[in-house]
Amino acid sequence: MIEVAGLTKRYGPTLAVSDVSFDVQKGEVLGFLGPNGAGKTTTMRVITGYLPPSEGKVRVAGYDVVEEPLEAKRRTGYLPESPPVYPDMTVVEYLAFVARIKGVPRKEIKTRIGEVSEKCAVTDVQHRQIGKLSKGYRQRVGLAQALIHNPEVLILDEPTAGLDPKQIIETRELIRGLAGQHTIVLSTHILPEVSKTCERVLVINQGRIVASGTPDELTHRLQGYETVLLTAEGPAAEMMERLQRVAGVNMVEPRDAADLRVTFEVHAEKGHDVRAELARAVVESQWKLLELKTSGLSLEDIFLQLTTKDLGEGAAGESQPSVPDLNLEDKPAASEN
Amino acid sequence: MRNVLAVAGKELRAYFHSPIAYLVMTVYAALLGFFFYSFTATYVMQSFRMQAMGGMGAPPMNLNEYIIRPLLAGILTVVILLLVPLITMRLYAEEKRSGTIELLLTSPLTDLEIILGKFLGAMALYSVLVAMTFLYIGLLFIYGNPNAKPLIAQVVGLLLYGAALLALGMWFSTFTKNQIIAGVVAFAVFLLLFVMDWVTAYGTGRASEVISYMSLTKHFENFAKGVIDLSDVVFYVSVAVLGIFLTARSVEALKGRA
């Protein structure tokens, strides 16, 4: 549905996006993850036809955005970072205007406005001036605007930026509801967002794709072993020694201790679920097991690993012996500059 | 065409949703009213004096020559010069500031459709001003007996004069996010194009002829007399087309770096 090949964008001498290639399948939700200024917005602006690429090809629904911009734009809905609304207009006036310039047939405009207002929950403010609406409503009006012509492709630039937690959850649910009917590309620098809304993630940093995959895949790729956190009450040294002897355990490290209560970080070999064995070991030795949980490397850690400069030394955790095979599509940009 | 009208309608609505349309109309009506009154009063006094002196063989005074023509050529061209920047300054600057330019440029519209839509929207508000002018002049027809034929040329002239200014003003609006700057630049340039003609008052030769020809107000003189001269029409239409062309170039550049 979206094909990006060798996209490079320069603003004068500065390189905003460098040789980025990826495809998005029909109905897929792709997340762009990266720090501010990584090139997410620029990439999206090229896909929507707002900016011409310096090099490379971008096709939306089979139409090249440079050669057949009108056809590509007809099939694209775009919500920029700040919703492009006219504060003087009412919601209905605004949606009617957008419907007209997006080429919705005159007869269908009214029903389309009704449908998208319903979907984006702006029906109750339909006749209010947009300038007087709260940020959350304005964002939803922006989303309604992007949906008004029922586009095949939706490009959402930080759709939850500036919303309160409740609105963020609502917006995410809305986006998840749209998946399947539309092909969605969304960008964010907020990590949980990606794992909650996207099927596939592109991590982008300094204009390059640093990693890609499903949120789960990314977690697995970066983690060569499983980590379990165990809290128990008992003699620390003895417990540590006992846990070490559980099959599959590589290393045990005390994390923090208060009186008799000790928390250990247990590293096990990849693919081994050692939780049951650990529990038995503690209980059989008559110590009190208080807590036992796996601790996956969070997306935050991955993100930091991928986007900070001293990647090789394992920026996410000092306890990591080495960074496992990242299966990177490209070397981190950090090594370039 | 549908797209052009959609944009034009949006622009016109924006003028009337904001104070701009009312401000422009009020200022115009006030200035026009003041000058209309003073011209009429002078006319009345003069004609009393003429009558008292028994005419002295002079041709009778005529409303077209003593009120309408000086009002249009001497006063309104300058008033319009002042007000057009208020109309054009927001056209692109506002969209750039609020980010709505992204909506327009990512919609299936050509740049020209957007530009023409904006131009037509501004032109529609300007036409309201022109209509107001002839509301005042209509009063002369109730109480006097002016010649109606020159009005056609005067309407055409005012519209063409406005079209040229609006197109240039729109171009200045693409330069910046700041409406004030767009307005001030437009005003300064218009003023320059207006006074250009003065410096050549005593000059002779090619250069002064060329400079005088470029003066925007100069070409209005024939229209004010009631004469539609093709060269004046061509001048205003060329300036308007130039303004639209330059706007298109500027929008293109905008996309390149933005």
Side-chain angles (χ1 to χ4, degrees), chain A residues 9-12 14 16 41-42 44-54 60 63 65 68-90 93-94 96-106 109 129-131 142 145-146 148-149 151 155 157, chain B residues 1-23 87 90-118 120-121 125 174 177 179 248-258:
Chain A
K9 177 71 194 175
R10 276 182 221 97
Y11 296 117
T14 45
T41 299
T42 303
M44 293 184 138
R45 282 180 165 173
V46 174
I47 297 173
T48 56
Y50 179 63
L51 294 177
S54 304
V60 173
Y63 295 98
V65 295
E68 294 171 282
L70 296 188
E71 290 301 322
K73 285 173 183 175
R74 247 186 271 281
R75 288 161 179 80
T76 314
Y78 176 40
L79 173 61
E81 203 169 338
S82 64
V85 292
Y86 295 100
D88 291 333
M89 291 190 186
T90 67
E93 281 173 346
Y94 173 67
F97 168 65
V98 179
R100 287 184 72 188
I101 60 171
K102 298 278 180 183
V104 177
R106 198 174 291 258
I109 288 180
Q129 264 189 16
I130 297 175
Q145 162 274 125
I148 191 100
H149 54 307
I155 311 285
D157 196 355
Chain B
M1 196 60 209
R2 184 190 166 208
N3 291 335
V4 174
L5 290 181
V7 176
K10 184 222 100 182
E11 293 300 332
L12 190 59
R13 207 171 318 129
Y15 283 124
F16 284 92
H17 271 316
S18 70
I20 292 184
Y22 306 101
L23 176 74
I87 299 178
R90 54 165 290 280
L91 284 174
Y92 272 91
E94 193 179 41
E95 307 254 17
K96 282 172 81 172
R97 164 135 306 168
S98 69
T100 45
I101 190 81
E102 270 191 83
L103 171 67
L104 292 182
L105 294 182
T106 58
S107 292
L109 303 171
T110 62
D111 288 352
L112 194 63
E113 281 172 337
I114 300 172
I115 294 167
L116 288 180
K118 285 181 169 293
L120 278 186
L125 174 60
T174 58
K177 282 181 184 174
Q179 292 193 37
R249 298 296 310 173
S250 179
V251 170
E252 193 69 28
L254 200 81
K255 287 198 281 190
R257 53 192 141 83

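In what follows, every chain begins at residue 1, and chains take the letters A, B, ... in the order their sequences are listed.
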Checklist line | Top contributor to chain A contacts, counting heavy-atom pairs under 4.5 Å, from B:Ser107, B:Gly9, B:Ser18 | finding: B:Ser107
Next item on the list: Grab the two heavy atoms, one from A:Ile109 and one from B:Arg2, that are nearest each other, plus how far apart they are.
Entry: CD1-NH2, 4.0 Å
Check: Where does A:Val85 contact chain B at under 4.5 Å (heavy atoms): side chain, backbone, both or neither?
Finding: backbone
Check: Between the main-chain N or O of B:Leu105 and the side-chain N or O of A:Lys73, is there a donor-acceptor pair closer than 3.5 Å?
Finding: yes
Next item on the list: Pick whichever of A:Gly49, A:Pro80, A:Pro69 has the most heavy-atom pairs under 4.5 Å with chain B.
Entry: A:Pro80
Margin query: What I'd like to find out is whether the side chain of A:Arg100 reaches to under 4.5 Å of the side chain of B:Lys10, using heavy atoms alone.
Written below: no
Next item on the list: Check whether any side-chain heavy atom of B:Leu103 sits under 4.5 Å from a side-chain heavy atom of A:Lys102, and report yes or no.
Entry: yes
Note to self: Quick one, B:Leu104 and A:Ile101 - any side-chain contact, counting heavy atoms below 4.5 Å?
What the structure shows: yes
Check: Given a strict heavy-atom distance threshold of 4.5 Å, which part of A:Gln145 is in contact with chain B: side chain, backbone, both, or neither?
Finding: side chain
Note to self: Looking at every non-hydrogen atom in both residues, tell me the closest pair between B:Gly99 and A:Pro84 and how far apart they are.
What the structure shows: O-CB, 3.8 Å
Next item on the list: Work out which heavy atom in B:Ser98 is nearest to a heavy atom in A:Ser82; give both atom names and the distance.
Entry: O-OG, 4.4 Å
Next item on the list: Sort A:Arg75 into side chain, backbone, both or neither according to what part of it lies under 4.5 angstrom from a heavy atom of chain B.
Entry: neither
Note to self: Report which part of B:Ile114 has an atom under 4.5 Å of a heavy atom belonging to chain A: side chain, backbone, both, or neither.
What the structure shows: neither
Item checked: Interchain contact, A:Tyr86 with chain B, by part (heavy-atom threshold 4.5 Å) -> both
Check: Does any heavy atom of chain A fall under 4.5 Å from the side chain of B:Glu95, the backbone, both, or neither of them?
Finding: side chain
Checklist line | Value rounded to 0.5 Å, distance of CE in A:Met44 from CD in B:Glu102 | finding: 11.0 Å
